[in-house]
Amino acid sequence: MLAQPLLLTSPDSTATVYQHGAHVATFQPRGQRPVLFMSAKSSYEAGKPIRGGVPVIFPWFGPNPAEATAPAHGLVRLVDWELESVDESRLVFGTTAAGCRLTYRVSIGMTLALELEVRNVGTAPTQFEEALHTYFAVSDCRQCTVTGLEQTPYESKVGETDGSEPIRFTRETDRLYLNTQSTCVLHDPGWQRRIMVEKSGSDCTVVWNPWIAKAKAMPDFGDEEWPAMVCIETVNARANAVNLAPGKSHTMRQVVRVNVL
Ligand code: TA6
């Protein structure tokens, strides 16, 4: 079992964060429903990813193209990060991976603000992929839509070809939108709220729902949990991977804000 998560508090919200993976597990604006989804079947063990909240993905997104036995979505969500600073409503974590020093700043208030800074501390240029793989809690994904990505090209892992309408969830959905810096909005009429996902330093957005078969295939995800979540992920991957010269750094940021209707 993992060590207990750290608690963040602010006048407007609370959050819990595991040192394992620097993993934000919950974000709870006062008087509102939870903003992040967490599977009831998630693992909480060293060396295993937590299923829900905000997994931090680095230095590759998805399977490792060069090493089939490497863990999906990189290394850093599987290790304990160093705690560099602690305030009531802000934590700063650090870890080193793939010749880079990562600094991850988590702060809460009216928003959940996440900032991943990667510095190339090696002597050669490097290229990496990264993501804040955020799982949002929803009333029922089948009632939800995602706007902000209309007219944006995407690659689907599951053969989707839908066009430029707002995204609706009627099947397994797994889309990597390229060359987009747009703010996405997750519209949840069932819970009468909109979740705004703002970002900077990111050129990709992934939208994912596993639907029925994929949910059944994941041992750390309940068969009936797929309607309760939507992933909107702030990403740099594939053609939008980050190239960093020695000594240089890059920062990606995701800010989550809830509007109650
Ligand atoms: O971001 C979407 C995705 O790449 C899906 O294809 C699915 O694999 C999901 O991530 C979860 O990946 P994980 O390794 O956490 O099971």
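Remember, predicted model here, so these are calculated numbers, not experimental data. Just follow the structure's listing: the first ligand is 1, and inside any ligand the first atom is 1.
For the pair Arg101 and Glu82, the salt-bridge criterion is met [side-chain N within less than 4.0 Å of a carboxylate O]. Between Glu198 and Arg257 there is a salt bridge, since at least one side-chain N of the basic residue sits less than 4.0 Å from a carboxylate O of the acidic one. We find that Arg238 and Glu129 are joined by a salt bridge, their nearest charged nitrogen and carboxylate oxygen being less than 4.0 Å apart. A salt bridge does not link Arg168 to Asp162: none of the charged side-chain nitrogens sits closer than 4.0 Å to a carboxylate oxygen. Classification of Glu117 and Arg105 as a salt-bridged pair holds, one side-chain N sitting under 4.0 Å from a carboxylate O.
Around ligand 1, the residues contributing at least one heavy atom under 4.0 Å from the ligand are Arg51, Phe61, Ala72, His73, Arg77, His133, Lys157, Asp174, Val206, Trp208, Lys214, Glu233.
For the side-chain hydrogen bond (donor to acceptor under 3.5 Å, both in side chains) criterion with Asn179, the lone passing option out of Thr152, Asn240, Asp203 is Asn240.
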